[in-house]
Amino acid sequence: MEQAIMKDSYILRSFYPVIFWIINIFALFVFFKGHNAPGGGFIAGIASAISLVFLYIIEGRKCLNRIPSPVSLAAIGLALAYGTALAPTLMGQAFLMHTMWHLHIPLLGELHIGTPALFDLGVYCVVIGITVSIALWFDEASEYE
Amino acid sequence: MNTLAVIPIIFPLITGIVLTLWRCSSAYRHAYMILSCVVHVLFSTWLVVRTAVEPVIVMAIGGWKAPFGIVLTIDHFAALLIATAGIITLAVSVYTAGESKPPHPLRLPLMHFMLAGVCLSFSTGDFFNLFVAFEIMLMASYALLVLEYRPSDLKYAYSYLLLNIIGSGLFLAAGGLVYRLFGTLNFADISERLLFTMGTDNRVVIISVLMVFVYGLKAGMFPLFYWLPKSYAALPPAIGGLFAGLLTKVGIYALIRILNLLFNNDPLPLLILFVASLFTMIVGILLALTHRSIRMILSFNLIAHIGFMVLGISIFTGTSIMGTVYYMIHHMVVISSLFLIAGIMMNETGSDSIDKMGNLFKQRPLLSVLFGLQALALVGIPPFSGFWGKLIIIASGISMGSFIGIGALIISSVLTLLSMIIIWFRAFYSETDTVLVKHTSSLQYVSVIGLTALSLCLGLGSFYGTNAAMRATDQLQDLGTYQWMVNQAVVKPIGGVTNDAH
């Protein structure tokens, strides 16, 4: 019932792609702003999850065909974060040890690339996966009533 | 660099991730899970053997030096509990593999995430990290609780959730107080700084009392056990066995570890523990006698026996802690095997009320013998495993003149025997026959037989058991060596794998 009402909202439907990309570009910005400033994988993940929940509100259950299974996404994210934590152990360093590379790139100036970004990417995936699956479960539960 | 300390946590986590991705239920999936548990058990057994002779294994996570970074420390006590937790998870995994109805696809990974949280709580050397470990464990347990619920049982999950959230909030508050007071969250560093607080500092006492409340809640101590029995009885039998074996004991472990660390000769926390243990023992066992559902009886027995361990902690001498350690390990094995046996009984008779069972002894002699052995172990009849831990606790209580506690312990033990006799004469050895509705798979018997054999070994090998418990207690109380080992944990310089100075 609710979904039928939502579908009728012409404004939401036509503005949705704009909102979707604004949210995700902002999420990208927040993601890379992290580490030394407020931001990072968790907040970016929440933002992106909101955009996906939006998609679900507008399209209903059929949008699930277009996005990966949320629980698998969370597991993949966990594996990524965990792999980043584990990789130094295999090279004889401490568990969760991080590595930074400082690169000089013309035009862009100095660029810091580190393994914490990969870890954060894992966190990002976990947060999206869990948040979206919680939203889906709530929706399923409300259908029974 | 002791990377080894992290392996008991790595293993269940990897298995959890793999099993989340591999969701279609098949025999291979169960086989993989059992294999992973076996590796975990073998590795943690090796840790037990290693810590029996060597000092505590310390690992600085991320290469950050001790008081600033998080350390993982595995001493003999932690290694023993990690190994026992691994064995119980192995038994529950085998038991789950034998279930006729395939479990929810997320049950198996959640079991492993819970094991990871439990192992992290046993091995962490940092206060906030202990909180994180508790949360990992609790998150997995919340999910397991509602994964396969019947709608009528959902209300029990609410009380579990609510009380544990209150407990976590207070835990966090206590962590904040610790950081404010000591300026550090590292166990070794806290115990060093505690030496500088002269006499009895009331703030330390407040923190200790808060801790007693929080861990008492997790352990199921007297006024705080409301959440435990009904939520345990509503779980699927396999998960009930896992919860009963692992969750409450983590509370007891944290109680021992933190009191050992923060104790500064003020008797108040111990007095609270003592009074709570009396009520836990007596009230728990009286409630067990009023119930007819087999899992409710076992849950209240579990609470009563938590009282024994809390009494052992409240006496707080080396001997009593040693008895508590022995009793903890025995109780983890015995209570989870009894929950699994109860699961088999429920599966076969189609009911969990002992009034609806009857004369199982004639129809299922093996099951009855297993139940009888484990019930005797739970009561603590001499050659069995429950006896030795209780004996040590009683001996230490007599030497400290704590006769009220000893009296309550003995009364509670006798009533435990009574509650086991009631189950025996109702379900196993009565006139009326029950119609058995199902046959249990042999895998479930294998898992219960394994746990029973282990408990027999714990009872008959009491010499080795007491030696291990003594070693664990000595190492636990030797804070000087602990501090030294944590502070000298080798740290490699940060800056990439190429910059290898050591």
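Remember, predicted model here, so these are calculated numbers, not experimental data. The sequence lines fix the lettering, A, B, ..., with proteins before strands; numbering per chain opens at 1.
- In the displayed structure, B/Tyr160 atom OH is contacted under 6.0 Å by more than 12 heavy atoms of other residues, nucleotides or ligands.
- Of the two parts of A/Thr115, neither the backbone nor the side chain holds a non-hydrogen atom closer than 4.5 Å to a non-hydrogen atom of chain B.
- Contact record, B/Ile17 with A/Ala75: CG2-O, 3.6 Å, taken as the closest heavy-atom pair.
- The interface of residues 78-85 of chain A with chain B, defined by heavy-atom distances below 4.5 Å, comprises A/Leu78, A/Ala79, A/Tyr82.
- Going from atom CD1 of A/Ile130 over to atom CE of B/Met139 covers 10.5 Å, rounded to the nearest 0.5 Å.
- Only the side chain of B/Leu106 comes within less than 4.5 Å of a heavy atom in chain A; its backbone stays farther off.
- The closest side-chain heavy-atom distance from A/Phe95 to B/Ile9 is not below 4.5 Å.
- Within a 6.0 Å sphere centred on OH of B/Tyr142, other residues, nucleotides and ligands contribute more than 12 heavy atoms.
- Shown here for A/Ser69 and B/Arg23, the closest heavy-atom pair between the two residues is OG-NH2, 3.5 Å.
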